[in-house]
Amino acid sequence: MLATERPDKASSYLLNGRVVVLVNGSPYALIMPAVLNDFLSSPDDMNEKPLFANFLKFIRGFATFLTLLLPGLYIAITSFHQELLPTELLFSILASRENVPFPSFVEIFLLEISFELIREAGLRVPSPLGPTIGIVGALVLGQAAVSAGVVSPILVIVVAITGISSFAIPDYSFGLHVRITRFIFIFLGYLCGFLGIALGLFVYLSMMAGTTSFGVPYMTGVSPLEKVKGNTYILPPIWKREYRSTFLRSKKEKKQANISMKWRD
Amino acid sequence: MNNSRISVPEAISVILIVFVAHTLVSLPKSLLNVTSSATIINLLYVGIIMFFLVLLIVKLFKGFAGQDIIDISSFLGGPVFQKIVGMIFILYFIFSSSILLRNFCECLKTVYYPMTSLFFILLTFIIALCISNNFSFSVTAKINLIILPIIFISILFIFFANNQNLSFENMTPILGNGLFDTFVTGLGNLGAFGGIVFLYFISPYLKEPKKFKRIAMISIGLSIIYLIICVAIILLTFTFLLKVDEIMPLYSAARYIEFGSFFQRLESILLLIWIIGMACYFSITLHITMNIFKNITNIRNSKPLLVPFALLMLSISLLPSNYSISKYLETDIYPRLVIWIGLVLSTLILLLAYLKKRIGKFSSSLKNGNVSVNVSK
């Protein structure tokens, strides 16, 4: 299910044929069924030109990929697949890791947990103190830790990119899920390198493909591969948005009359 | 079974993944060892033979829509024959997937994990299979459909990115070791089409069994193109005379790709994608094996069989004492099994069942009195 506080998002999904549940006392509207595409979409996409909206969707998808896999890939590459890196970068990473006493897994785990702590603390800190805590946290945990030789600078960059990417995920609960799952990939990357990450991805994709949301496959559009009318992974131009999504099996599949370029008449 | 139905693209991808899995390990090299520089011509030749064979198989399957070869053998010879055929195919699938798993893990160990025990690499695969096979067959088919185009793109990437290293002189002499070796001995390369065996079991899983012919034809066409591209990469990059590419020849070819001084040695990224493809193949094989066992033993739920079969796969993959033995099993024994079990035995069963059905129809039409009688006054 998708949870939203935005009335425009809830009404848009309602008009598209979804079911919306409002619970007394809860600020959230629950939208069902919810597929993967919904968790990567923003309600503002409908108001943008399709080219811009699709570009932003691609950025969000890439951000999800980075949040999930970047730390795991970093640890796999530095531990098992060093040949992937250009030689100068490899020397730079090795030099920066010379004085770090911990193995890369402990290093990355410490930084990731610290980042999660700062993020969670930032949610509950009163507004006047919020930016200060963020700056102090970043400075203390980033710069000071590097100066003290607790972590390497390249890892601070990796964790920072991962953190920023996680903020680009539109849905909070999907972002939480990705943030938790990346620890599994960090462990798999440390344990077996690309073998662990590949098998982890295989199991993860199997779980996603096996999940259904009120009878609708979670990865509809990609698997099962079928022509889905309506809003899919690529947002069509406004004159093509005449149909509700096929997987909803709605009574009226057509949302509105044929609006394909009527201005040409 | 109702929620395990797969669509036409998924069915095609299930058959193609067999070719992909074997080509990633050692199939191109074993083809080149038989027919040397004439392998591409030989592949076109055996491809045409296989095309007509598949046409025959589709024709024989027409009377048995929605049934697999185990059901057909039950129709042909009763429950006993069904169980014999079922056990033969179970042993075939377990053997082929175990040996391929062993070879692939040996290659991974050689390249990336020299200090790791082989058992742990095998165990990693088995654990992943045990988790993913808890879902239905259609889930694995969906993942397969996602990953297969990416693998195809990676193979094409190796071909085009390696264009500086391709040497078309390696295709000479055009007829390789001679006409006899290319067109008679080269018939052994029919063993490369192991994906055909999956064709016999795919029918009950289809959402639209009527599209079986389309699935078969498209699969065989794409597999021929794919095999030719893979062999072309190896043949044109390495001369068939030198044994420099014994460990995953496509991986070895990918090592030569470089773009400037900063994008080199990209084969690890390709390997990440290929590992997912291999996991898909093993998962599909395990599903089909469990389903065959479920059918021949008439059990209701095959889920408890998952761990025993996975452990059986692990045990058989540990049986060869070294890489040479497992490579011999993969390159010499497996193609012969494909020919004898996958082509000869299966076609024979289909043919006999088809004839039995036709004779049965004819004799029932006689019994029903569809014979005209002339009454003269």
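Sequence lines set the chain letters: A, B, ... in the order given, protein chains first and strands last, and positions in each chain run from 1.
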Check your understanding: Which residue out of L272(B), I127(B), N134(B) racks up the most heavy-atom pairs below 4.5 Å with chain A?
Key -> L272(B)

Review point. Counting only heavy atoms not in F187(A), do more than 12 sit closer than 6.0 Å to its CZ atom?
Key: no

Check your understanding: How about I131(B) and M207(A): do any of their side-chain heavy atoms sit closer than 4.5 Å?
Key -> yes

Revision key, fill the gap. Cut-off 4.5 Å, heavy atoms of chain A, and the answer for F120(B) is neither

Review point. Would the number of heavy atoms belonging to other residues, nucleotides or ligands and lying under 6.0 Å from CE of M217(B) be above 12?
Key: yes

Practice item. Would you mind checking which part of I6(B) comes under 4.5 Å of any heavy atom in chain A, side chain (CB onward), backbone (N, CA, C, O), both or neither? Key: neither

Point to revise | Part of L271(B) lying under 4.5 Å from any heavy atom of chain A | key: neither

Point to revise | Interchain contact, L191(A) with chain B, by part (heavy-atom threshold 4.5 Å) | key: neither

Review point. How far does CZ of F202(A) sit from OG of S283(B), to the nearest 0.5 angstrom?
Key: 4.0 Å

Review point. Are any of the side-chain heavy atoms of Y113(B) and L195(A) separated by less than 4.5 Å?
Key: yes

Point to revise | Passing candidate, side-chain contact (heavy atoms from CB on, under 4.5 Å) with I143(B), options L201(A), L205(A), V203(A) | key: L205(A)

Review point. So which heavy atom on T124(B) is nearest to which on C192(A), and how close?
Key: CG2-SG, 4.1 Å

Review point. Taking all non-hydrogen atoms of both residues, which atom of A279(B) and which atom of L199(A) are closest, and how far apart?
Key: CB-CD2, 3.9 Å

**Study point:** Side-chain touch E83(A)/E267(B), heavy atoms, less than 4.5 angstrom
**Key:** yes

Point to revise | Output field: ring centroids Y112(B)/F194(A) closer than 6.0 Å | key: no

Check your understanding: Near Y74(A) OH, under 6.0 Å, is it more than 12 heavy atoms from other residues, nucleotides or ligands?
Key -> yes

Exercise for review: Counting only heavy atoms closer than 4.5 Å, note whether T116(B) contacts chain A via side chain, backbone, both or neither.
Suggested key: neither

**Study point:** For I275(B) against A198(A), the heavy-atom pair lying closest together
**Key:** CG2-CB, 3.5 Å

